[in-house]
Each structure stands twice: as structure tokens, then as C-alpha cells.
Participant: 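Encoded as C-alpha cells, here's the structure I'll be asking about.
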Amino acid sequence: MSLKYCQGNKCHTYKTKDRLKGMQGSKTYQTRRRSSMYYGDDNFCSMNCWNDWFNKYGDQAINHFGRVKEVKHLTEENAWVKDYDYNWREGTTSNWRFVNKITKEQRPLTESQYDDSTYTLNTGE
Ligand SMILES: [Zn+2]
């Protein structure tokens, strides 16, 4: 099991018991390490750490990857979303499908097509 570091730039500044680590007498508050993080696509240990990062780097990240500079419109061409049915009693999934949020048209999907984040019917943004 490999541990990941919380990417929060201030994680070590939050004085919680679980962050206090090291040899007796020389303990320091440290960045959290976990096998999985719960926030920000598995990168941050808490909403606080996620917010800290975004407040410091969010503007740069948006500029780097492309700032939205005009209104986008939901159209038939970009309204396809993936959906599936979940059986709460049995804990099983089935009926993977594309659903067009405008036309309500449905088209069947395989589970692996559902899991493939690059597979889409959308032809526009
Ligand atoms: Zn953190």
C-alpha cells in the first residue's frame, strides 16, 4: 500500500493529533499521508486543504488550461451524459446508457464504455 501526500500547501499548519508525528520529544505537525485522499480527485485530505490549494494556485491553473471567455450553450450535440441503474438491495449496476439531456433519447452502453472517460457522443463543448 503506497501512501499519497495531501497536496494542500498548508496541510502541515493545521494542528490535529493525527498530523503530529516523529520521535518523542521532536514531534512536528506534518502533511497528511494516506492511501487515498477524499477530496479534489484524490489529492486532498480535506475541503480546507483543497480550498487552500485553489486559493493559491487556482487562478494560474485556470489560465494554464484555458479560461472560459464566452457563454457556453447546452445543445443536442453536447447534451449526452452517461447514466446507469443501481440496485441498492443487491448492490449491482446495470442498464448503462447515454441519455441526451435535451431530446431525452437513450442509447445503450457497455460497462467498459461507461468507464472510459474519453468515450462520448458529444460532438461539441
Ligand atoms: Zn491536507
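All ligand and atom numbering here is 1-based and tracks the order in the structure.
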Participant: For the residue pair Tyr119 and Phe98, categorise the inter-ring angle as parallel (less than 30°), tilted (30 to 60°) or perpendicular (more than 60°).
Facilitator: tilted
Participant: Count the heavy atoms belonging to other residues, nucleotides or ligands that lie under 6.0 Å from CG of Asp85, then report whether that count exceeds 12.
Facilitator: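 More than 12 within 6.0 Å, yes.
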Participant: Are more than 12 heavy atoms, taken from residues, nucleotides or ligands other than Lys27, located less than 6.0 Å from that residue's NZ atom?
Facilitator: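 Enclosed: over 12 neighbouring heavy atoms sit under 6.0 Å from NZ of Lys27.
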Participant: Taking everything shown except Lys4 itself, do over 12 heavy atoms lie less than 6.0 Å from its NZ?
Facilitator: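 Yes, NZ of Lys4 has more than 12 neighbouring heavy atoms, counting only those of other groups under 6.0 Å.
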Participant: Which residues and atoms, counting only protein N, O or S, are under 2.8 Å from the Zn ion (ligand 1)?
Facilitator: Cys6 SG, Cys11 SG, Cys45 SG, Cys49 SG
Participant: With Tyr57, which residues qualify under ring pair (Phe, Tyr, Trp, His ring centres under 6.0 Å), at least two apart?
Facilitator: Trp53
Participant: Any chance NZ of Lys10 has more than 12 other-residue heavy atoms, nucleotides or ligands included, within less than 6.0 Å?
Facilitator: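 No.
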